[in-house]
Amino acid sequence: MSYKRGLRSAANAVAESEPKRLKKTTTVTTTDKDQQADAKSRSTEKSYWLFKAEPESRIVNGVDVKFSFDDLKTEHQATWDGVRNFEARNTMKKMNVGDLGFFYQSNCKIPGIVGILKVCKSAYPDSFDKKHPYYDPKSDPENPKWFMVDVEYVRPLKRLVSLQELKELVSKPHSPLNEMALLRRSRLSVTPVREKEWDFILQLAEEE
DNA sequence: GCCAACGTTGGC
DNA sequence: GCCAACGTTGGC
């Protein structure tokens, strides 16, 4: 079982969410409005995002939160759960199905961007499972505080673009990365990526 | 494993 | 609603 700051496997997600789904049809009316509002706040244009996960084992509340890009490749799909920061949550609510994201690996030997994923399900309430490593007793199923999205594997970058490299580029005048959220808001696990940042980093990774 | 940066909590 | 104390992130 692979929980992650950020996630657990899609297989687990399906198993756990089936009974919950039944409940949802009978109870949740208040969030319908919220969901409409969220959908409205999402852009109709394709957007880009950055998702952080930790590729090395780390135990949180008795659960290993390791999740690497290879894990995503193996599982093909995953729920990006466990985000417990309002700004990151709000970022996730803006995501549309089909949006692309960078997969960034943190807390490891060479932190950096390793691959590309795709949003395949827009924001829906995060797990209320008490055994979830980031279980929040203050989030009420009637009025969920935390949300997650589903993502699927797309492909690796041709090479890793390290945090160190990104930082060096940022320090150059007029760099397209000057305002990149990853660097300016470094503690957020999910951040938006501007189109010019996306293009620049892709080109960097793919050239020669 | 240290610790800077910064988000969150809670007392007042 | 301020802000000190506390907790977390994540690079190093």
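So you know, we letter chains A, B, ... as the sequences are listed, proteins then strands, and number each from 1.
When atom types are taken as modelled, the side chain of A:Thr79 and the backbone of A:Asp150 share no donor-acceptor pair closer than 3.5 angstrom. For the pair A:Arg194 (side chain) and A:Leu177 (backbone), a donor-acceptor distance under 3.5 Å is absent.
We find that CG of A:Leu188 is positioned 13 Å from P of C:dG11, with the value rounded to whole Å. Rounded to whole angstrom, the span from the CG atom of A:Asn85 across to the C1' atom of B:dT8 amounts to 10 Å. In this structure, A:Lys109 places its NZ atom 17 Å from C1' of C:dG10, rounding to the nearest Å. Remark: P of C:dT8 and CZ of A:Phe86 are 15 Å apart, rounded to the nearest angstrom. Rounded to an integer number of Å, the gap from CG of A:Leu183 to P of B:dA5 is 15 Å. If you take CG of A:Leu163 and P of C:dC12, they are 6 Å apart, rounded to a whole angstrom. To the nearest angstrom, C1' of C:dC12 lies 13 Å from CD1 of A:Ile110. Between the CZ atom of A:Arg185 and the P atom of C:dG10 there is a distance of 12 Å, given to the nearest Å.
A cation-pi arrangement is absent between A:Lys196 and A:Phe200, since the terminal nitrogen or guanidinium carbon is not both under 6.0 Å from the aromatic centre and inside a 45° cone about the axis.
Distances shown here put a side-chain N or O of A:Lys52 below 4.0 Å from the OP1 or OP2 atom of C:dG10. Contact between the side-chain N/O atoms of A:Tyr104 and the OP1/OP2 oxygens of C:dT9 is not found at any separation under 4.0 Å.
Among the heavy atoms of the strands lying under 4.0 Å from A:Lys167 are primed sugar atoms or P, OP1, OP2 only; no base atom is included.
A:Thr74 and A:Asp71 share no side-chain donor-acceptor pair at under 3.5 Å.
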